[in-house]
Number of protein chains: 2
Amino acid sequence: MSKLFVTERRHKIMEILNKEMRLTVKRLAGELDVSEVTLRSDLKEMEKEGLLRRTHGGAMLPSYPGEEVSFSAREKQNKNEKVIIAQQALDIIKEGQCILLDASSTALELAKLLKQKNIKLTVVTSGIYTALELRENPDLTVILLGGVVRKGSSSLEGILGSNILDQVYVDIMFTSGNGFTFETGLTDFNVYEVELKTEMVKKATSLVALMDHSKIGKSSISSFARTDDISYFITDQTLTKEQYNNFEKRNIEVLCPVEA
Amino acid sequence: MSKLFVTERRHKIMEILNKEMRLTVKRLAGELDVSEVTLRSDLKEMEKEGLLRRTHGGAMLPSYPGEEVSFSAREKQNKNEKVIIAQQALDIIKEGQCILLDASSTALELAKLLKQKNIKLTVVTSGIYTALELRENPDLTVILLGGVVRKGSSSLEGILGSNILDQVYVDIMFTSGNGFTFETGLTDFNVYEVELKTEMVKKATSLVALMDHSKIGKSSISSFARTDDISYFITDQTLTKEQYNNFEKRNIEVLCPVEA
DNA sequence: ACACAATTTATAATATTTTTTCGTTTAATT
DNA sequence: AATTAAACGAAAAAATATTATAAATTGTGT
């Protein structure tokens, strides 16, 4: 097998991990034919991005809410940022609309806020936990898309369930992702999830990106929306003038907290 | 079996403990293939986290002061009946099949058993918790149907998601319900859930009813399967000769526990 | 071809996990 | 209560895995 690029290798690691749910550094080294040191640095990076959980000797899929394991510290830390983003997103939503939420944790935060509101909405989502959260509020009609469910992901995957989308008219889609650059648009790493997200983006009249500042300037493996598709870009920190201008040039409305 | 990670091992310990309610260090050492010392340190840690209570030679589930015996006993009783039914259902399933599970708690028990098996299957379900349970096992391809999610129900409702069913070939459907009589067939009370179940029944090559004895002879508001649709009827108590003959007459195979 | 940067590897020092050993404690039995 | 076998805890030893650092490799641009 020819040498892989870093990105390709990490992609492969995720593939293996998704299939097997666990992996050892040793086996990986044999399989991918690189040194263990290299893989450890891969795994370290990937853990920082929340793609997996490191253990001695290997790595496992991260555990998600709903499982008995306690939340990782990282989850909790980023929560504030997600709430800040979700609160701003609320302002865009109007009574009676039909909105689409992906399975991201930011959209889950938005769902938690919606649960407490007195506003009639139809919400379509690909996130299982998002749906479970929203159903608590009887003002909301909650539709969960169908598809493949896999360990390590609370999202539905694949386009099996996308024909539900043909049966509803969607005003706004709220989505997050693993990275955003002006060139690549919104990107994510799970190919199957991206497959579904791409379909979701197509259906939405307007697209709202929910991206915390750490994701700006990064890009992941596969893209599910071009920059031109985006109508609103919501983030948790004030942007640089240059970034701001770039958004303005493309007619994208930016929402971020006012200067502290 | 390859060496487990610490996390995995402790997870397994909890699994065993939850099932057996008690465990000995010695047996664990044999089962998990690590030294007793290692396990003792595991148990010590886990006790600190409140996951279990240490004893000489082993560990037990922690007992909570306010535990109400009556309620939990009754719960368990009901659960046992479901487990008895689910275990019999297992025998019908063959490697490589595609099965359909509804959102009933009996089907959820079946899912829990399947989670522990080493058998490759495709499982399509309308139960959210059923899907979450099954995804833990990588041998299983889990497909969740889409649809409306409502408060108080962990089932998907309505036929929105039923076109996923057109894309898979289903060998067996396992379903429960609120009532069964020979005249009305299988019945349930939630009309929207029934709407989806009806579609599911149509798709399955063979239909297996999972009904505890208390439901036999009762009938609910709407029917989702005629008696003639049923291939197997699984229950938790021995039937009367009359009931048995009635099933036989219609060519329905009955599975129930052998006389005590 | 050269220098520069990025990536990967080798190696050695650390750190973690597991087992072994052994004296002590506990529980069961006489 | 004395005896005995099993279970325990502490600490050293062994086995693995990780990190840091420097060296080697590869790719890039000039």
Side-chain angles (χ1 to χ4, degrees), chain A residues 1-17 20-63 69-70 72-74 178-179 181 183-184 187 189 214 217-221, chain B residues 1-17 20-63:
Chain A
M1 191 208 304
S2 79
K3 267 273 151 68
L4 296 174
F5 298 130
V6 183
T7 335
E8 290 177 310
R9 189 178 56 234
R10 297 197 177 162
H11 190 201
K12 196 131 215 166
I13 292 173
M14 272 320 287
E15 235 171 60
I16 293 174
L17 189 55
E20 318 258 328
M21 308 203 322
R22 78 198 285 289
L23 51 78
T24 66
V25 175
K26 198 155 252 170
R27 263 235 318 249
L28 257 198
E31 203 134 330
L32 300 181
D33 199 35
V34 287
S35 76
E36 300 187 8
V37 185
T38 305
L39 288 171
R40 277 194 265 272
S41 82
D42 280 345
L43 296 182
K44 198 177 193 175
E45 273 307 306
M46 293 167 79
E47 180 174 41
K48 240 198 288 186
E49 289 178 39
L51 299 177
L52 48 78
R53 172 110 59 100
R54 219 40 248 282
T55 66
H56 258 266
M60 301 169 51
L61 283 171
S63 46
V69 193
S70 60
S72 68
R74 204 184 89 95
N178 235 246
T181 69
E183 295 74 40
T184 59
T187 50
F189 56 86
S214 68
K218 289 186 183 166
S219 80
S220 212
I221 292 155
Chain B
M1 193 209 301
S2 80
K3 269 273 153 73
L4 296 175
F5 299 134
V6 183
T7 332
E8 291 177 307
R9 191 179 54 233
R10 298 200 176 156
H11 230 273
K12 197 134 217 166
I13 292 174
M14 271 322 285
E15 233 171 65
I16 293 174
L17 189 54
E20 319 253 330
M21 316 232 304
R22 72 201 260 8
L23 51 77
T24 67
V25 175
K26 189 154 257 172
R27 263 235 318 250
L28 260 196
E31 200 134 333
L32 301 180
D33 199 35
V34 288
S35 77
E36 300 186 11
V37 183
T38 304
L39 288 170
R40 277 195 267 272
S41 84
D42 279 345
L43 296 182
K44 197 178 190 176
E45 275 304 308
M46 292 167 79
E47 180 172 41
K48 239 197 288 186
E49 290 177 40
L51 295 173
L52 48 78
R53 172 114 54 103
R54 215 41 246 282
T55 65
H56 250 295
M60 302 166 46
L61 281 174
S63 53

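Side chains are part of it too, since the values below use all heavy atoms of this structure and drop only hydrogens, waters and symmetry mates.
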[X] [atom1] - [N] [atom2] separation (whole Å):
X      : N       : atom1 : atom2 : result
D42(B) : dT16(C) : CG    : P     : 17 Å
L39(B) : dA6(D)  : CG    : P     : 18 Å
D33(B) : dT19(C) : CG    : C1'   : 12 Å
L4(B)  : dT17(C) : CG    : P     : 15 Å
E45(B) : dC8(D)  : CD    : P     : 16 Å
L32(A) : dT7(C)  : CG    : C1'   : 16 Å
E8(A)  : dT8(C)  : CD    : P     : 11 Å
R27(B) : dA6(D)  : CZ    : C1'   : 17 Å

- Task: Mark up nucleotides 9-27 of chain D, 5' to 3', with B wherever a protein heavy atom is under 4.0 angstrom from a base atom, S wherever such an atom reaches only the sugar-phosphate, and - elsewhere.
- Result: SS------SBB--------
- Minimum-distance pair of heavy atoms, taken over all atoms of L52(A) and A59(A):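 In terms of heavy atoms, the two residues are closest at CD1-CB, 4.1 Å.
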- Message: How close do E36(A) and A29(A) get, counting heavy atoms only, and between which atoms?
- Response: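 Minimum heavy-atom separation between E36(A) and A29(A): CG-CB, 3.8 Å.
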- Message: Measuring only between side-chain heavy atoms, which start at C-beta, is L17(A) closer than 4.5 Å to R53(A)?
- Response: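 No; the side chains remain at least 4.5 Å from each other.
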- Message: Can you see if the side chain of S35(B) gets near the phosphate of dT19(C) - specifically, an N or O under 4.0 Å from OP1 or OP2?
- Response: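 Yes.
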- Message: Looking at dT17(C), I'd like to know if its phosphate oxygens (OP1 or OP2) sit under 4.0 Å from a side-chain N or O belonging to R9(B).
- Response: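 So the side-chain polar atoms of R9(B) never come under 4.0 Å of the phosphate oxygens OP1 or OP2 of dT17(C).
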- Kindly write out the residues that satisfy salt bridge (Lys or Arg N to Asp or Glu O under 4.0 Å) with R27(B), not counting sequence neighbours, or none if the list is empty.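 With neighbours one apart ignored, the set is E20(B).
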- Between T187(A) (side chain) and G179(A) (backbone), is there a donor-acceptor pair under 3.5 Å?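 Yes, because the side chain of T187(A) sits within donor-acceptor range (under 3.5 Å) of the backbone of G179(A).
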- Item | Steps toward salt bridge (charged side-chain N to carboxylate O under 4.0 Å, His left out) verdict (E47(B), K44(B)) | CA-CA 5 Å; E47(B) 180 172 41; K44(B) 197 178 190 176; over 6 Å; no
